[in-house]
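When a residue number appears, it is its place in the shown sequence, counting from 1. Everything numeric here is computed off the predicted structure, so don't read it as measured data.
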Amino acid sequence: MEQQTELSADPVSAFTTPEQLTAAQPLSRRAALEAERSRPRKKARAVPARAAQGHAIQERAVRERIVVKPKRAERAPKAARVARSERPVRAPRVRSAHPERRRWGVHAVVMLALAAFFGTAALPAYATTGEGSTVGAARTALAVQTLTGGGGVTQVVARDGLAIQESPQALDSTTNSTVSPTVQALAVQIMGAVAAGRLVGSTPNHIPEIADLAEGQAVPGCGVDYRVLQAISVALDNFNQVGISDINRRCTGQIEGAGTSSAHYADGGGHAVDFYLLNGSPLTGGDAKSVELIKILDPLVPNGTGLGQIGCRSSMDLSNFKPFDDTCNHLHIDFLKSDGATLRYG
């Protein structure tokens, strides 16, 4: 048995240290695995979640070539930036209306106004509803500017604000085959009073004669003198309700009183009008309302205009009316022998 060549200072420690044990006794494979498992491991360095997130954002920015803005702390110092109070003040932005929109707005208003006007004028006469106030409403679409007497003299008639040159013959719908625009305009206004219940007829009813003119139809034997239409219009201007019992007897086949020589029948008929009702009161030609209407019409009618019922009332000082005898159950006015083609109003 070989002896140890060199003695150690401490025999116990010499044979118990890991180096001595390793050198002295080789480990088996199993013992090596056990020793590896029992060896203390190094702790992994913990990466803060925020840092890892920032790292991931930086990597994604690099991949997508996105420039990542530096953090607020990495930006230029606060003192280097321009103070908010020192920044230039911008003038408030003023929006101006677009010229095209403004132009289209004006056009739209004009078109609506024109559509309303022509739409109302184009309605059938029986559908007309506007009659306006008691003063001048029925003459809105028509006003006589100049009154001249005699045949063949041209006069200016204003209709709907437009000057129209029409001769007295053109205004006579009792013999013409066409209806004058001026006559039609006034007939439309009167039919508005019919629709409102302000103008009523009798039996036989002569209001359809006015309705034909309002529709622009010249019916033979059913024409109405333009001055008759004007007289009815004046009555509507001054009374809430007006009743007419006779206009053109040719149209209804009536032969009464003066027969075929009556202004209701002669020269195509329709040159006279009989009022039988004013504001619900029947007329006699001498009652208060008849006298009131006579005084209103006398300064307006042409000289020589016929006026019935001279024996039904007291004497009156008249300028243009020529009274004659007639029955006391209406107020008769006729223009068969009048000097002028229109009334003086407008």
Note, [X] side chain near [Y] side chain (heavy atom, < 4.5 Å):
X      : Y      : value
Leu229 : Val183 : yes
Phe239 : Glu292 : yes
Tyr265 : Leu336 : no
Val200 : Gln241 : yes
Ser338 : Arg227 : yes
Thr175 : Asp267 : no
Ile310 : Asp326 : no
Ile244 : Phe275 : yes

Inter-residue atom distance [X].[atom1] - [Y].[atom2], 0.5 Å rounding:
X      : Y      : atom1 : atom2 : result
Asn329 : Thr284 : CG    : OG1   : 9.0 Å
Ile294 : Leu318 : CD1   : CG    : 7.0 Å
Leu293 : Ile333 : CG    : CD1   : 5.0 Å
Thr342 : Asp225 : OG1   : CG    : 10.5 Å
Asp339 : Asn303 : CG    : CG    : 5.0 Å

Can you name the nearest heavy-atom pair linking [X] to [Y], along with the distance?
X      : Y      : answer
Tyr276 : Ser202 : CE2-CB, 4.0 Å
Ala272 : Asp334 : CB-CB, 3.3 Å
Val301 : Thr305 : CB-OG1, 3.6 Å
Ser290 : Asp287 : OG-OD1, 2.6 Å
Ala231 : Phe335 : CB-CZ, 4.2 Å
Ser177 : Ala218 : O-CB, 3.4 Å

Let me check something: do Val273 and Leu277 share a hydrophobic cluster, defined by ILVMFWY side-chain heavy atoms less than 4.5 Å apart, either directly or through other members?
no
Let me check something: do Phe324 and Leu331 share a hydrophobic cluster, defined by ILVMFWY side-chain heavy atoms less than 4.5 Å apart, either directly or through other members?
no
For the backbone of [Y] and the side chain of [X], can you confirm whether one donor and one acceptor N or O come within less than 3.5 Å of each other?
X      : Y      : result
Asn320 : Pro302 : no
Asn279 : Asn240 : yes
Gln309 : His332 : yes
Tyr226 : Leu343 : no
His264 : Ile247 : yes
Arg198 : Leu236 : yes
Arg250 : Cys222 : no
Glu209 : Asn248 : yes

For residues 251-261, pull every pair meeting side-chain hydrogen bond (donor to acceptor under 3.5 Å, both in side chains), keeping only residues two or more places apart or in separate chains.
His206-Gln254, Thr252-Gln254, Gln254-Glu256
Please test Ile210 against Ile232 for side-chain contact (heavy atoms from CB on, under 4.5 Å), starting from the C-alpha separation and ending with a verdict.
CA-CA 11 Å; Ile210 303 174; Ile232 295 173; 4.1 Å; yes
Hits for side-chain contact (heavy atoms from CB on, under 4.5 Å) against Ser281, two or more places apart or cross-chain, chain-then-number order -> Lys289
The side-chain contact (heavy atoms from CB on, under 4.5 Å) partner of Gln230 among Leu297, Leu171, Leu186 is Leu186
How about Asp246 and His330: does a side-chain donor come under 3.5 Å of a side-chain acceptor?
no
Just do the side-chain contact (heavy atoms from CB on, under 4.5 Å) check on Met191 and Glu215 with the steps written out, would you?
CA-CA 10 Å; Met191 289 307 299; Glu215 294 172 355; over 6 Å; no
Take Arg249 and Ser262 through the test side-chain contact (heavy atoms from CB on, under 4.5 Å) and record every step on the way to the result.
CA-CA 9 Å; Arg249 290 179 181 172; Ser262 169; 3.8 Å; yes
